[in-house]
*Asks:* 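Encoded as structure tokens, here's the structure I'll be asking about.
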There are 2 protein chains.
Amino acid sequence: MLTQNVLRNRTAEVTESERAILEKAISHTRSYAAGQTVVRQDATVGASTLLVEGLMTRHVDASDGRRHLVSIHVPGDFVDLHAYALRQLDHAVGALTDCVVAVFPHEALRRIEKQHPRLTRRLWFSTLLDAATHRQWVVRLANLNALQRVANFLCEMNARLLAIGRSDGMRFELAMTQADIGDVCGLTNVHVNRVVRQLRERELCSIRSAQVQILDPQGLARAGQFRPDYLYLNQPTASRAVGSGAPATP
Amino acid sequence: MLTQNVLRNRTAEVTESERAILEKAISHTRSYAAGQTVVRQDATVGASTLLVEGLMTRHVDASDGRRHLVSIHVPGDFVDLHAYALRQLDHAVGALTDCVVAVFPHEALRRIEKQHPRLTRRLWFSTLLDAATHRQWVVRLANLNALQRVANFLCEMNARLLAIGRSDGMRFELAMTQADIGDVCGLTNVHVNRVVRQLRERELCSIRSAQVQILDPQGLARAGQFRPDYLYLNQPTASRAVGSGAPATP
DNA sequence: CGAATAATTGACCGAAATCAATACGGGTGG
DNA sequence: CCACCCGTATTGATTTCGGTCAATTATTCG
């Protein structure tokens, strides 16, 4: 069941029959090794990618060889669905870890668009949630300091992985190097390292060999000013809003 | 003709008949004074807003009173169209300058969705372009220094205003304070001021009483690593890609 | 085991923030 | 018309956060 996690991390849960329709739209699956480019920037693409296993990035290759991350994806994410409408991508798609993806030819998506308006709407909806995540990244980068950014990012990944059953809320695998985290948070690997140490010293969380152990969920969320509602996630269990939420005197 | 600029800044130009359909979906127009909140965060909204005149922001109100900008909008932008599908907003919408907006009740949009799939697709498309702009903001914040960020932002605004006829490519009005620019670029007002001075000294551009005068378009774009293709804009005239574009050895 | 990759730590530097004071500009009201 | 005010812009002095450079230690994996 390749689509087992599709949209599962999102408020709009797909039904069983919709899942079946999606399964039929898959032309094939493919594996990628960590570091491989899945879709080259500026390529005109004829298919969209559903991530089944692993982590993928969306990034811009800078002229100096650096890689500018704009997005990270977990299993169940439709990585480049928006390419279906945009035709041309403004960024590249790559495998951050070893990955398995399911490929949806745009032709099949076009058929779905014609025949299943309800499902189509959900797919579109998921692109809007991508945009919401982008906005969270903007806030993180523009307004938080190094420690806050890393804490915030770890909370985000915890929430997203929790929604697809890849985290129990306290512990999850995150196969990213400190340099990768730096790319996400706009920091150097060296400084990420220092921040990670601080998080450990403050007993908020610890990272050891790609395992993130959250010691103080509330404290980590507070430290990262993390508000899960941003992501419009299903919260299967715990961790609702943390910092009192928006007061906003009317 | 309130919708005169709608989607005009985008690749997908609407036809005259589509414009007429949109006009009919407007329930009323409204004016807002600079600084006013148009949509409060977490409000459930029943209408979406097309900006007709002025500049609007999308932002998160932080607990410390600061305002975290995630987006800026120019005339012709459907500011919160995505709220139509999301129902609930993850951020507030505000008037940065005095504004005029056209209000589209979601009921009317629902009618359009039923009867005009082609137009519906264009509207959806415009939300994807919002996401593309978000991605550009992420890159700007994560990877550029202060001078590059401001230069990049000015190029973005120039390109977007050019597309709707509010810039001639060399000069445009930008009714933002240096503190506002700082909110966009993740900088303090003080440092924005220093950067603006540098831009003037390097003869790239000058800003005087809300008028941006671009002295060296190529140089400014280079300084800001600006690539207009990000925004999927119609380029009515000049300024195609600047820095050779993606080489990407296959 | 040994090579490569990743993490860690220290010393030093530099970009941007902070704090603080001053100048400007344009609108208001006497 | 001018004086006053308030928001904005400007500039300097100082501090701090994060980057850079460099070396060392762990891990991982073939």
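Please read all numbers here as calculations on a predicted model, not as lab measurements. Throughout, a chain's letter reflects where its sequence line sits, starting with A, and its residues are numbered from 1.
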*Asks:* Taking the six-membered ring for Trp and the single ring otherwise, decide whether the centroids of His82(B) and His91(B) are under 6.0 Å apart.
*Replies:*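 Ring centres of His91(B) and His82(B) closer than 6.0 Å.
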*Asks:* Does dG19(D) have OP1 or OP2 sitting under 4.0 Å from an N or O in the side chain of Thr188(A)?
*Replies:*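 Checking dG19(D) against Thr188(A), a side-chain N or O does come within under 4.0 Å of OP1 or OP2.
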*Asks:* Does dT10(D) have OP1 or OP2 under 4.0 Å away from a side-chain N or O of Asn193(B)?
*Replies:*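 For Asn193(B), the contact criterion (side-chain N or O under 4.0 Å from OP1 or OP2 of dT10(D)) is met.
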*Asks:* Under 4.0 angstrom, heavy atoms only, what part of the nucleic acid is Val196(A) near: base, sugar-phosphate, or nothing?
*Replies:*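 Contact class for Val196(A): none.
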*Asks:* Any donor-acceptor pair, under 3.5 Å, between the side chain of Arg149(A) and the base of dG18(D), if you only look at N and O atoms?
*Replies:*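 Checked by distance alone, the answer is no.
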*Asks:* Which atoms form the tightest heavy-atom contact between Val93(B) and His59(B), and what is the distance?
*Replies:*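 The answer is C-CE1, 4.2 Å.
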*Asks:* Arg194(B) has an atom CZ; how far is it from atom C1' of dA16(C), in whole Å?
*Replies:*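 The answer, rounded to whole Å, is 8 Å.
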*Asks:* What does Ser209(B) touch in the nucleic acid at a heavy-atom separation under 4.0 angstrom: a base, only the sugar-phosphate, or nothing?
*Replies:*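 Counting heavy atoms under 4.0 Å across all strands, no contact is made by Ser209(B).
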*Asks:* Report the nucleotide, chosen from dT20(D), dG18(D), dA9(D), that has the shortest atom-to-atom distance to any side-chain atom of Val190(A).
*Replies:*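 The closest nucleotide is dT20(D).
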*Asks:* Rounded off to whole Å, could you give me the CD-to-C1' distance for the Gln198(A) and dT16(D) pair?
*Replies:*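 Nearest whole value for this atom pair: 13 Å.
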*Asks:* Mind calculating the distance between CG (Leu144(B)) and P (dA16(C)) to the nearest angstrom?
*Replies:*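 Computing the Leu144(B):CG to dA16(C):P distance gives 11 Å.
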*Asks:* So what does Gly186(B) touch, heavy atoms closer than 4.0 Å: a base, only the sugar-phosphate, or nothing?
*Replies:*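 Sugar-phosphate, no base atom in range.
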*Asks:* Could you measure the distance from the NE2 atom of His73(A) to the CZ atom of Arg160(A)? Nearest 0.5 Å is fine.
*Replies:*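 These two atoms lie 6.5 Å from each other.
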*Asks:* Please report, rounded to the nearest Å, how far the P atom of dT11(D) is from the CD atom of Glu201(B).
*Replies:*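 Distance check: Glu201(B) CD to dT11(D) P gives 9 Å.
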*Asks:* What closest approach, in Å, do Asp130(A) and Val79(A) show between heavy atoms, and which atom pair accounts for it?
*Replies:*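 Here Asp130(A) and Val79(A) meet closest at OD2-O, 4.5 Å.
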*Asks:* For Gln178(A) and dA26(D), give me the distance from atom CD to atom C1', rounded to whole Å.
*Replies:*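 Rounded to the whole Å, the gap is 12 Å.
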*Asks:* What integer distance in Å separates Ile181(A):CD1 from dT8(C):P?
*Replies:*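 Rounded to whole Å, this separation is 11 Å.
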*Asks:* Locate the shortest heavy-atom distance separating Leu96(B) from Ala34(B); write the atom from each residue and the value.
*Replies:*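 Smallest heavy-atom distance, with atoms named: O-CB, 3.6 Å.
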*Asks:* Measure distances between side-chain N and O atoms of Arg200(B) and base N and O atoms of dT10(D), and say whether any donor-acceptor pair falls under 3.5 Å.
*Replies:*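 Side chain to base: no pair below 3.5 Å.
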*Asks:* Quick one: Leu199(B) CG to dT10(D) C1', roughly how many Å, whole number?
*Replies:*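 One finds 15 Å between C1' of dT10(D) and CG of Leu199(B), rounded.
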*Asks:* Scan Arg197(A) against the nucleic acid and name what it touches under 4.0 Å (heavy atoms): base, sugar-phosphate only, or nothing.
*Replies:*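 Counting heavy atoms under 4.0 Å across all strands, the contact made by Arg197(A) is with sugar-phosphate only.
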*Asks:* Classify the nucleic acid contact of Asn145(B) as base, sugar-phosphate or nothing, counting any heavy atom under 4.0 Å across all strands shown.
*Replies:*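 The residue Asn145(B) makes sugar-phosphate contact but no base contact.
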*Asks:* Figure out the CG/P separation between Leu187(A) and dT8(C), and round it to whole Å.
*Replies:*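 Atom CG in Leu187(A) sits about 15 Å away from atom P in dT8(C).
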